[in-house]
There are 2 protein chains.
Amino acid sequence: MENALEPNLAPAGEPALTPTGRAILGMLSLGKTSGYDIKQLVDKSTRHFWAASYGQIYPELKRLEDQGLVRGHEEPTGGRPRRVYELTEAGRAALAAWLASEREPLYELRDEGMLKLFFSDVLPEQRLANIRAMRRRMERKLEQLVAVRAHAHEMSPGPALTLDLGVTTTETFIQWCEAVEARLAEKE
Amino acid sequence: MENALEPNLAPAGEPALTPTGRAILGMLSLGKTSGYDIKQLVDKSTRHFWAASYGQIYPELKRLEDQGLVRGHEEPTGGRPRRVYELTEAGRAALAAWLASEREPLYELRDEGMLKLFFSDVLPEQRLANIRAMRRRMERKLEQLVAVRAHAHEMSPGPALTLDLGVTTTETFIQWCEAVEARLAEKE
DNA sequence: AGGTGCATGTAACAGGTTACATGATTAA
DNA sequence: TTAATCATGTAACCTGTTACATGCACCT
């Protein structure tokens with residue numbers, strides 16, 4: 001009988017963190033910021049493999065503060081309210097514990113383009129168009145990744161490596177599409 | 001002002017389909033089966049880019065039947081109940097409409113391994129271990145993909161191409177890991 | 001007699017998105 | 001003055017997973 005642990009069960013004593021909670025702690029390790037800025041940063045940097053919405057970020061920051069992992073204080077910009085958060089010592093420890101944890105990391109992919117390709121025998125005349133559409137999407141993604149990489153010189157190893165991996169796999173995807181497109185177009 | 005359409009809004013007259021509903025219609029295009037068999041097939045074939053659980057499949061089959069897109073009837077195996085579904089004409093048309101649709105396909109990725117790499121500057125001594133863990137996971141995935149590919153000769157183009165794309169990108173991922181691991185190990 | 005696989009289904013939960021509400025600041 | 005951007009937050013909704021409940025069939 002397998003003694004299956006719950007995926008997010010914290011290892012004795014450590015606070016339970018949601019996946020988004022972990023991501024937010026990570027973002028705060030890059031410097032103290034507001035919920036709004038976290039969203040901007042996510043959209044610029046990790047969105048291709050980890051997205052987040054305001055509806056998730058703001059409540060999560062509150063929960064993290066309740067757990068003592070982050071500390072927030074008001075830093076209004078003129079009359080415009082602004083709440084800035086930073087990691088506490090406990091938060092930094094929780095972040096390090098996560099990074100060192102050997103628990104199977106969450107991996108979830110839902111790719112409708114691939115699903116369309118999988119079922120493309122039903123409508124073979126659409127197959128080439130589907131692959132072209134997938135390639136175009138990947139080209140857009142590559143463009144954005146490359147645009148961010150333009151700041152590579154100011155990047156530390158973590159983000160730089162992640163970005164490079166993204167670029168490499170995206171390029172492979174595009175090359176595969178090009179090769180298959182050529183093969184399919186030839187047959188016509 | 002952008003006139004943003006709801007993602008799943010059906011193009012006038014066509015039945016609204018959930019993402020899982022589309023996947024189920026696709027699976028039924030491969031032949032009539034039961035909910036149980038759909039789950040087995042998904043786990044064997046599309047799970048790396050499109051998973052499904054019983055809790056989703058059974059209610060969805062019922063909804064699809066209510067919409068007239070599939071038709072189910074009892075086909076017990078001895079005393080063991082079994083409900084087998086097949087596409088109706090309307091279902092086949094909905095499937096074709098989906099495959100031909102130019103709506104931006106759903107793409108969702110949540111990869112905690114990448115997130116760990118992104119924040120690895122907080123705990124640089126774990127970086128190499130994180131990358132190794134990612135490579136091991138990808139090697140397991142590749143193994144499963146290759147195992148399915150052993151039946152490639154009996155596969156039609158759709159599944160075969162999808163599988164090939166999966167193998168190609170996974171191999172690239174692994175090669176990237178190997179290269180970076182070598183670079184990091186050298187520095188130590 | 002007992003374990004594994006076949007087979008169906010539901011209820012509770014978790015996690016996340018979207019749309020909405022609100023309002024200040026800044027640049028055109 | 002008006003649009004875009006900064007900034008926070010919530011409620012309703014959607015989608016999906018997990019755990020559970022049930023029971024037959026087959027093999028050892």
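Just so it is clear, the model here is predicted, and its values are computed rather than measured. Throughout, protein chains are lettered first and strands after them, A, B, ... in sequence-line order, and every chain is numbered starting at 1.
Taking atom CD1 on A:Ile57 and atom P on D:dG9, their separation rounds to 12 Å, with Å as the unit. Put simply, CD on A:Glu108 is 8 Å from P on C:dG16, counting in whole angstrom units. Rounded to whole Å, atom C1' of D:dG9 lies 16 Å from atom CZ of A:Arg82. Distance CD (A:Glu75) to P (C:dT25): 16 Å, rounded to an integer number of Å. Note: OH (A:Tyr54) to P (C:dA21) measures 18 Å, nearest angstrom. Distance A:Tyr107 OH to D:dT17 P: 15 Å, rounded to the nearest Å. In this structure, B:Gln56 places its CD atom 17 Å from P of C:dG15, rounding to the nearest Å.
Scored by the side-chain contact (heavy atoms from CB on, under 4.5 Å) test, B:Val84 finds B:Lys32, B:Glu75, B:Arg82 as partners (sequence neighbours excluded). Under the side-chain contact (heavy atoms from CB on, under 4.5 Å) criterion, A:Ala129 pairs with A:Gln126, not counting sequence neighbours. For B:Arg71, the salt bridge (Lys or Arg N to Asp or Glu O under 4.0 Å) partners at least two apart in sequence or on another chain are B:Glu86. Residues that satisfy the side chain to side chain donor-acceptor pair (under 3.5 Å) test with A:Arg137, not counting sequence neighbours, are absent from this structure.
Rounded to 10 degrees, the angle separating the terminal helix axes of the helix from C:dA1-D:dT28 to C:dA28-D:dT1, each built from five base pairs, is 30°.
Just one of A:Thr172, A:Thr169, A:Asp164 meets the side-chain hydrogen bond (donor to acceptor under 3.5 Å, both in side chains) condition when paired with B:Trp176; it is A:Asp164.
Nearest approach of A:Met27 to A:Ser45, heavy atoms of both residues: CE-OG, 4.1 Å.
Listed by residue number, B:Ser53 are the residues of residues 46-53 of chain B with a heavy-atom contact under 4.0 Å to DNA chain D. Listed by residue number, B:Ser34, B:Gly35, B:Tyr36, B:Asp37 are the residues of residues 29-45 of chain B with a heavy-atom contact under 4.0 Å to DNA chain C. At a non-hydrogen distance threshold of 4.0 Å, nothing from residues 58-65 of chain A comes into contact with DNA chain C.
Between the CD1 atom of B:Ile174 and the CG atom of B:Leu142 there is a distance of 4.5 Å, given to the nearest 0.5 Å.
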Heavy-atom protein contacts under 4.0 Å, nucleotides 20-28 of chain D, coded B base, S sugar-phosphate only, - none: ---BBS---
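A:Tyr36 and A:Ile24 are members of different hydrophobic clusters when ILVMFWY side chains are connected at heavy-atom separations under 4.5 Å.
Relative to the side chain of B:Pro19, the nucleotides C:dG16, D:dG16, C:dT8 differ in distance, and D:dG16 lies closest.
Identified under the salt bridge (charged side-chain N to carboxylate O under 4.0 Å, His left out) test for residues 167-177 of chain A, with sequence neighbours left out: none. The list of ring-ring contact (aromatic ring centres under 6.0 Å, His included) pairs with a residue in residues 58-87 of chain B, not counting sequence neighbours, reads B:Tyr54-B:Tyr58. Among residues at least two apart or in separate chains, salt bridge (charged side-chain N to carboxylate O under 4.0 Å, His left out) pairs with a member in residues 44-61 of chain B are B:Glu60-B:Arg63.
Under 4.0 angstrom from either OP1 or OP2 of D:dT15 there lies no side-chain N or O belonging to A:Arg110.
For CD of B:Glu74, the number of neighbouring non-hydrogen atoms (other residues, nucleotides, ligands) closer than 6.0 Å is greater than 12. Within 6.0 Å of atom CD in B:Glu102, 12 or fewer heavy atoms from other residues, nucleotides or ligands are found, so the atom counts as exposed in its surroundings. Counting non-hydrogen atoms of other residues, nucleotides and ligands closer than 6.0 Å to CD of A:Glu154 gives a total above 12.
Looking at A:Lys62 and A:Asp66, no side-chain N of the basic residue comes within less than 4.0 Å of a carboxylate O on the acidic one, giving no salt bridge. Between B:Glu139 and B:Arg135 there is a salt bridge, since at least one side-chain N of the basic residue sits less than 4.0 Å from a carboxylate O of the acidic one.
Along DNA chain C, the nucleotide nearest to B:Glu74 and the one nearest to A:Leu106 differ in position, and the one closer to the 5' end is contacted by B:Glu74.
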